[in-house]
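Take a look at the structure set out below.
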Amino acid sequence: MKRVSILGATGSVGQSTIDLIRRDPDAYDVVALTGGRNIAQLAHDARMLHADIAVTAHEDLLPELRAALGGSGIAAAAGCAALIEAARRPADWVMSAIVGVAGLAPGLAALEQGATLALANKESLVTAGPLLLRTAEAHGARILPVDSEHSAIFQALVGEDPAAVTRVIITASGGAFRDWPLARLAAATVAEASSHPNWDMGQRITIDSASMFNKALEVIEAREFFGFIPAQIEVLVHPQSVVHALVGFCDGGLMAHVGPPDMRHAIGYALNWPDRRPLPVDALDLAAVGPLEFRAPDETRYPALRLAREVMAEGGLSGAIFNAAKERALDHFIAGHLRFTDMSAVVDEVLSALVATPEVRNDAPTLDLVAHMDHLARHRADAATETRKL
Ligand code: NAD
Ligand code: MG
């Protein structure tokens, strides 16, 4: 039996992971599930999967979680330290599907106990890529990509000589506002930005898809995880979202990964790796999809892509600044304090202000240093929002 834990079990990726695990109960021994405010879902899934422990991020919700688990024998815990403790419980495979930099410390804890970390939480690679990779290496642990584009690249690389790779192309749907006139973007509402044309995901990543901050994070994620040089990483807008990524080789060939936009493919690949097993994913009917389009992204529409290039050029802790400023700008957009188009202006301002900080030049950061930069960037992002506040 494979011992599995799911961090961020109540979210979109977490629920897709549970959907795969519950179909084969004899194959998995569920150790820990973690969630946020949705206690009913967390307790329901912990009971269904006979988890050892369920953890909510919110200490005030511990009594509610305890009550919901009453009589089940499943342990309940709450708070940041409890999340880390849950991730540290011995398991063979841990899904990292918390949203935001909050996923970093639990992901590191899972690696420290030697687990295979199935990484949906791209923010941890963007913020602290070298720390994550070093921790995996030091503990003989493995990181498997779950972001669909990175799973696609990983699959296209099987059996290939990394030295023969000359380019990678990450596709982007273009998000909710792909076809909107530019002038309309400033007035885009949270509800409008929260609906994705092809993928069904959590609200934050859906809004990040509309602004392309998600793709910006993914470009940096590809650099950190696979070690590609920035000039090798390209982005193409592909409205049909069936080609997830392409890897180009020195002989001119491109290997494309094609599949329906269903995260259970990438999650299942990481769950069954190195084997392939049947998954409950619809067969792709390419004739029904029809013509596949690819076009270069317009960086006026998507300034986040230019900012990602700046982050890769700066290196060090600039990813931590970028991610924290983005998370804060997104909080302010969701709260109605910022225009959609001002999120990138805020991130740009924070990056310019902080990138020269001496601590940024550090290629082997500690968690404390990352937390320090994250804190500085959030503070700056709040100040940069103040001058643009609606
Ligand atoms: P979501 O918002 O649906 O779920 C997030 C989960 O994290 C929930 O369980 C929530 O309770 C928990 N959480 C939120 N804040 C937390 C905190 N401060 N501390 C502890 N737990 C917290 O998000 P999602 O769409 O499932 O995305 C999860 C991660 O996977 C993100 O990093 C996202 O970028 C990545 N990802 C998602 C998809 C997708 O299809 N949804 C695809 C690729 C990558
Ligand atoms: Mg993705």
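Each ligand, and each atom within it, is numbered from 1 in the order the structure gives.
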From CA spacing to verdict: side chain to side chain contact (heavy atoms under 4.5 Å, CB included), Asp374, Ile321: CA-CA 6 Å; Asp374 180 278; Ile321 299 171; over 6 Å; no
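Of the angles at the Mg ion (ligand 2), the one spanning OD1 of Asp147 and OE2 of Glu218 is 90° when given to 10°.
By heavy-atom distance, the residue among His58, Lys122, Glu123 lying nearest atom 32 (O) of ligand 1 is Glu123.
Under the 30°/60° scheme for interplanar angles, the aromatic rings of Trp180 and Phe177 are found to be tilted. By the 30° and 60° cut-offs, the orientation of the rings of Phe154 relative to Phe226 is tilted.
Of all the heavy atoms of Asn121, the ones lying under 4.0 Å from any atom of ligand 1 are found in both the backbone and the side chain. Contacts with ligand 1 closer than 4.0 Å are made by side-chain heavy atoms of Ala102 only, the backbone lying farther away. Contact annotation for Ala120 and ligand 1: heavy atoms of both the backbone and the side chain come within less than 4.0 Å of the ligand. Under 4.0 Å from ligand 1, the heavy atoms of Leu83 that appear belong solely to its side chain. Contact annotation: for Gln203 versus ligand 1, there are no heavy atoms closer than 4.0 Å.
Ring centers of Phe322 and Phe213: under 6.0 Å apart, within the cut-off.
Here the rule is side-chain hydrogen bond (donor to acceptor under 3.5 Å, both in side chains) with Ser173, and of Arg178, His196, His238 only His196 fits it. Remark: of the listed residues Glu149, Glu218, Glu224, Glu218 is the sole one forming a salt bridge (charged side-chain N to carboxylate O under 4.0 Å, His left out) with Lys122.
Atoms of ligand 1 lying under 4.0 Å from at least one heavy atom of Val13, given by number and element, are 26 (O), 30 (O), 37 (C), 38 (C), 39 (C), 41 (N). Each of the atoms 11 (O) of ligand 1 lies under 4.0 Å from some heavy atom of Gly35. Numbered from 1 in the order shown, with element, the atoms of ligand 1 that lie under 4.0 Å from a heavy atom of Ile205 read 25 (O), 33 (C), 34 (O), 36 (N), 37 (C), 38 (C), 42 (C), 43 (C), 44 (C). Residue-ligand proximity, Gly36 to ligand 1, at heavy-atom distances under 4.0 Å covers atoms 11 (O). Listed by number with element, the atoms of ligand 1 under 4.0 Å from a non-hydrogen atom of Met201 are 39 (C), 40 (O), 41 (N). Heavy-atom contacts of Ala97 reach the following atoms of ligand 1: 5 (C), 6 (C), 7 (O), 28 (C) (cutoff under 4.0 Å). In the vicinity of Ala57, heavy-atom distances shorter than 4.0 Å reach the ligand 1 atoms 19 (N), 20 (C). Of all atoms in ligand 1, listed by their number and element, those nearer than 4.0 Å to a heavy atom of Gly8 are 6 (C), 7 (O), 9 (O).
Closest protein heavy atom to atom 23 (O) of ligand 1: Val99 CB, 4.0 Å. Residue, atom and distance of the protein heavy atom nearest to atom 16 (C) of ligand 1 are Ile98 CG2, 4.0 Å.
Checked against a 3.5 angstrom limit, the closest N/O atoms of Asp147 and ligand 1 fall outside it. Checked by distance only, ligand 1 and Gly202 come closer than 3.5 Å through their nitrogen or oxygen atoms.
The nearest pair of heavy atoms linking Leu119 to Ser124 is CD1-OG, 3.6 Å.
At least one donor-acceptor pair closer than 3.5 Å links the side chain of Asp285 to the backbone N or O of Ala288.
Glu64 has no carboxylate O lying under 4.0 Å from a charged side-chain N of Arg37, or vice versa, which leaves the two without a salt bridge. Between Asp348 and Arg306 there is a salt bridge, with a side-chain nitrogen of the basic residue lying less than 4.0 Å from a carboxylate oxygen of the acidic one.
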